[in-house]
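Below is one structure, written out as structure tokens; the observations come after it.
Chain naming here is simple, since letters A, B, ... match the order of the sequence lines and numbering starts at 1 in each.
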Amino acid sequence: MKIYMDGNDTVLTHVEDFNLKETLECGQCFNFVRKDISTDNSFCYRIIAHGNALIVEQDNRSKEDGCILRLYNTDIHEYETIWEHYFDLYTDYKTIKESIIKGSGELQDIIKENSGIRLLNQEYFETLISFIISQNKQIPQIKAVVKNISQMAGKVIKDNGEEVYSFPDALELAKLSEENIRECKAGFRAPYIMDAVRLYLDGSIKEDEFIGISTDDARKLLMTVKGVGEKVANCVLLYSLGRREAFPVDVWMKRIMEHLYFKKDTDKKVIEEYAYEKYGEYAGYAQQYLFIYGKNNLMK
DNA sequence: ACCCAGGGTTGCA
DNA sequence: TGCAACCATGGG
């Protein structure tokens with residue numbers, strides 16, 4: 001990978017195993033919009049993360065040498081402090097993909113076709129609230145609630161001539177009433193969000209509490225929040241706390257794993273443990289490919 | 001007028 | 001421990 005500045009933009013070339021569309025639209029992230037300047041040859045998105053807004057474009061014309069990414073109005077410092085980590089760009093996906101294919105040949109085609117999916121490293125508090133919102137909702141609705149909450153409690157960010165809003169931190173969110181949160185269309189999840197904010201601010205689930213504890217203990221700690229069960233906790237672990245062995249099992253992952261391996265109705269906890277035995281530290285990555293597999297083969 | 005959405009809690013056996 | 005009703009809201 002090569003990095004240089006072009007005017008106000010940071011440009012990355014020879015980026016391997018990276019696809020912006022696959023990465024954003026696989027259900028791990030809700031704080032982005034596709035920009036209408038996307039074309040057949042390039043995809044352009046605005047992502048809001050870590051208090052910043054980023055317009056990023058992937059040019060798909062140069063596949064042999066890896067892709068080209070343009071981060072608009074972004075200097076190298078911002079790239080290195082925020083986006084390199086966010087996009088998981090220092091992780092070698094070749095090894096990961098080879099390891100998964102070795103144990104699961106049936107995923108080979110899917111991994112080759114979607115070889116650019118990356119696991120993002122998102123902000124912990126935002127991820128926690130977002131996946132509390134996600135329960136029993138579809139992705140467009142989740143995105144709408146995230147946007148509503150940001151507009152109500154976040155900070156204004158001026159980005160390329162437009163005004164957008166950051167996802168509020170815990171102190172900003174704490175200023176809202178449960179009724180305010182309901183107005184954002186959070187529905188019955190509003191008290192769950194209140195509970196998460198309360199526990200975050202009293203320190204019991206802040207980031208530091210997760211340092212040096214096992215993933216099982218981390219999962220249990222997250223599940224002390226009302227409205228956080230196994231699935232939501234695993235999403236938070238996987239997408240924001242760097243626990244790449246976490247394996248969220250939702251209704252679809254249950255169907256997919258039953259279809260591929262169990263051939264019968266199987267408890268979600270059993271599926272999660274099987275995935276950890278089969279994929280180990282790469283279980284979370286495998287989950288992304290499995291989901292695409294299911295989307296292509298089982299969902300209609 | 002239904003039914004379901006990448007769930008979780010509560011209540012009741 | 002297991003199961004199913006219920007939870008707001010929007011879209012098919």
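At the heavy-atom level, A:Cys26 lies under 4.0 Å from base atoms of the strands shown. As judged by a 4.0 angstrom heavy-atom cut-off over every strand, A:Val249 is placed among residues making no nucleic acid contact. Within the 4.0 angstrom heavy-atom criterion, base atoms lie near A:Gln287. When heavy atoms are screened at a 4.0 angstrom cut-off, A:Gly227 is found touching the sugar-phosphate backbone but no base atom.
Atom pair A:Asn234:CG and B:dG6:C1' shows a separation of 13 Å (rounding to whole Å applied). As a whole-Å value, the separation of A:Tyr289 OH from B:dG6 P is 22 Å. Put simply, CD on A:Gln141 is 13 Å from C1' on B:dG6, counting in whole angstrom units. One can place CD of A:Gln138 at 16 Å from P of B:dC3, the figure rounded to the nearest angstrom. Regarding A:Asp195, its CG atom lies at a distance of 12 Å from the C1' atom of B:dT9, rounded to whole Å. Regarding A:Lys269, its NZ atom lies at a distance of 12 Å from the P atom of B:dG8, rounded to whole Å. Atom P of nucleotide B:dG6 and atom CD1 of A:Ile132 are separated by 18 Å, given to the nearest angstrom. Distance, A:Asn136 CG to B:dT9 P: 13 Å, rounded to whole Å.
If A:Met253 and A:Met223 are placed on DNA chain B by their nearest nucleotide, the residue sitting closer to the 5' end is A:Met253. Comparing A:Asp267 and A:Ala186 by the nucleotide of DNA chain C whose heavy atom lies nearest to each, the residue mapping closer to the 5' end is A:Asp267. Between A:Lys226 and A:Lys137, the residue anchored closer to the 5' end of DNA chain B is A:Lys137, taking for each the nucleotide with the nearest heavy atom.
The side chain of A:Lys185 sits closest to C:dT9 out of C:dT9, B:dA5, B:dG6. Candidate nucleotides B:dG6, C:dA8, B:dG8 were compared by shortest atom distance to the side chain of A:Arg189, and C:dA8 ranks first. The A:Tyr192 side chain lies nearest to B:dT9 when the options are B:dT9, B:dG6, C:dA8. Residue A:Phe188 has its side chain nearest to C:dC7 when only C:dG10, B:dG6, C:dC7 are considered.
Taking the six-membered ring for Trp and the full ring otherwise, the centers of A:Tyr276 and A:Phe247 sit at least 6.0 Å from each other. In this structure, A:Tyr93 has its ring center at least 6.0 angstrom away from the ring center of A:Phe18.
B:dG11 and C:dA8: their P atoms are spaced 14 Å apart (whole Å). B:dG6 and C:dC3 have their P atoms separated by 24 Å, given to the nearest Å.
When both pairing distances are held under 3.5 Å, B:dC4 makes a Watson-Crick or G-U pair with C:dG10.
Between the side-chain ring of A:Phe291 and the base of B:dG6, a stacking contact exists by the 5.5 Å and 30° definition.
Atom NZ of A:Lys278 has more than 12 neighbouring heavy atoms from other residues, nucleotides or ligands inside a 6.0 Å radius.
Between the side chain of A:Glu258 and the main chain of A:Thr266, a donor-acceptor pair closer than 3.5 Å is present.
Side-chain atoms of A:Val56 and A:Arg70, non-hydrogen and from C-beta on, never get closer than 4.5 Å to each other.
Ring geometry for A:His259 against A:Tyr293 counts as tilted: the plane angle lies between 30° and 60°, on a 0 to 90° scale.
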